Structures are given as C-alpha cells and as structure tokens.
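Since the structure comes first, as structure tokens, the remarks are kept for the end.
What you see is a predicted model; the values in this text were computed from it and never measured. Counting begins at 1 with the first residue of the sequence.
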Amino acid sequence: QLQVVESGGGLVQFGGSRILSCSISGATFKYYIIGWFRQAPGKEREGVACISSNDDTTNYSDSVKGRFTISTDNAKNTVYLQMNSLKPEDTAVYYCAADVKWWDDDPKRYIWPGLIAGRYNYWGQGTQVTVSA
C-alpha cells in the first residue's frame with residue numbers, strides 16, 4: 001500500500017523560512033507527480049506547487065511564486081518545499097499529495113494534474129505551518 005508522509009511544519013516568524021518534506025513509499029511505480037496543497041481556517045484547499053519526478057516540470061500558484069521552491073530527490077523518493085519570506089497568510093495545514101504513474105498505465109492516458117486537488121490519488125496527513133504576525 002502506497003504511503004505519503006509529510007513533515008517539517010512548525011511555528012515560523014514573519015519573513016522566515018521553512019522546509020517541508022514529503023516521502024512516498026510502499027509500492028513500485030514508474031514515476032509520480034507530487035503536489036503541495038494548503039488549507040487555512042475557514043478557507044478552501046488551494047494548490048501551492050507541484051513537480052514531476054520524471055522530467056522536473058513544476059507549477060506554482062501566483063501567491064507563492066518567487067518565494068517557494070519545489071524540488072525532488074528521486075533517489076530518496078522525497079519532495080521538498082522550500083518556503084521563504086513567509087507571511088501570516090501562509091499559515092495553513094499543508095498537505096502532500098501524489099499522482100502515481102504505474103508501470104501498467106497507458107501513457108496515452110496521462111494527464112498533467114497541475115494544482116487540481118482531484119487529480120491526486122494519495123494524500124498525506126498534513127503538517128501545520130504557522131507564521132507569526
């Protein structure tokens with residue numbers, strides 16, 4: 001059974017930095033796209049960034065572009081989200097999600113998930129990031 005686990009959340013001062021990590025394990029796959037999503041209190045879940053382990057294609061939301069950087073370490077099956085210049089509005093529960101491409105999948109049916117939550121099949125438990133005012 002595939003597992004997705006996030007870590008690295010915590011309390012950060014305004015303007016500070018934080019690194020989140022997301023590891024996937026428990027199954028054999030061809031490659032994956034990892035998306036980071038966040039949900040603030042009283043607000044809907046929004047996409048933050050995503051990356052493909054196959055070709056390093058990335059997407060960023062306008063709200064984090066230039067401040068956040070997503071990267072992948074394929075040898076460790078781990079994706080990182082480097083967050084810089086943090087603002088109070090970045091406070092949220094951050095979720096890691098995986099769109100997994102299996103060896104038996106037909107590449108003709110591949111679709112880029114982008115920052116659409118419904119395109120991801122496996123989700124982590126979430127990690128809280130709080131940025132002080």
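Contact detail for Tyr120 and Gly35: the closest heavy-atom pair is CE2-N, 3.5 Å. Between Pro107 and Lys30, the shortest heavy-atom distance links the atoms CG-NZ, 4.2 Å. Residues Tyr31 and Asn54 share a closest heavy-atom pair of CD1-CB, 3.4 Å. Contact record, Arg119 with Pro113: CB-CB, 3.4 Å, taken as the closest heavy-atom pair. Closest approach of Gln82 and Ser17 over heavy atoms only: NE2-CB, 3.9 Å. Looking at every heavy atom in both residues, Leu86 comes nearest to Arg67 through CA-NH1, 4.0 Å.
Side-chain contact between Val129 and Met83 is present, with heavy atoms from C-beta onward closer than 4.5 Å. By the 4.5 Å heavy-atom criterion applied to side chains, Tyr60 and Ile51 are not counted as neighbours. Between Leu2 and Val100, some side-chain heavy-atom pair lies under the 4.5 Å cut-off. You'll find the side chain of Val79 reaches within 4.5 Å of the side chain of Trp36, heavy atoms only. Residues Tyr32 and Thr72 meet the side-chain proximity criterion, which asks for heavy atoms closer than 4.5 Å. Looking at Leu20 and Glu6, their side chains never come closer than 4.5 Å, going by heavy atoms from C-beta outward. The side-chain heavy atoms of Gln128 and Thr91, taken from C-beta on, include a pair separated by under 4.5 Å.
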Kindly determine whether Cys22 and Val4 satisfy side-chain contact (heavy atoms from CB on, under 4.5 Å), including the steps that lead there.
CA-CA 7 Å; Cys22 173; Val4 179; 3.6 Å; yes
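Under a 3.5 Å cut-off, the side chain of Ser52 and the backbone N or O of Ile33 do not form any donor-acceptor pair. Without hydrogens or angle criteria, Asn77 side chain to Ser25 main chain gives no donor-acceptor distance under 3.5 Å.
Ile70 and Ile24 fall within the same hydrophobic cluster, where Ile, Leu, Val, Met, Phe, Trp and Tyr residues are linked whenever their side-chain heavy atoms come under 4.5 Å apart, directly or through other members. Using a 4.5 Å cut-off between side-chain heavy atoms of Ile, Leu, Val, Met, Phe, Trp and Tyr, with links allowed through other members, Tyr80 and Tyr95 fall into different hydrophobic clusters.
Here the CD1-CD1 distance, from Ile116 to Ile111, works out to 7.5 Å after rounding to the nearest 0.5 Å. In this structure, the separation between CG on Asp90 and OG1 on Thr130 is 11.0 Å, given to the nearest 0.5 Å. Interatomic distance, CG of Leu11 versus OG of Ser132, reported as 6.0 Å (0.5 Å rounding).
With Thr78 as reference, Ser23 is the one residue of Ser7, Ser23, Ser71 to meet the side chain to side chain donor-acceptor pair (under 3.5 Å) rule.
The side-chain contact (heavy atoms from CB on, under 4.5 Å) test applied to Ser61 returns Ser63, Val64, Leu115, not counting sequence neighbours.
Applying the side-chain hydrogen bond (donor to acceptor under 3.5 Å, both in side chains) definition to pairs two or more places apart or across chains, those involving residues 100-117 are Asn59-Trp112, Asp99-Lys101.
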Just list the side-chain donor-acceptor pairs under 3.5 Å for residues 43-50, sequence neighbours left out, or say none.
from	atom 1	to	atom 2	distance (Å)
Glu46	OE2	Arg38	NE	2.9
Glu46	OE2	Arg38	NH2	3.4

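Ring pair Trp123/Phe37 is tilted by interplanar angle, where 30° to 60° counts as tilted.
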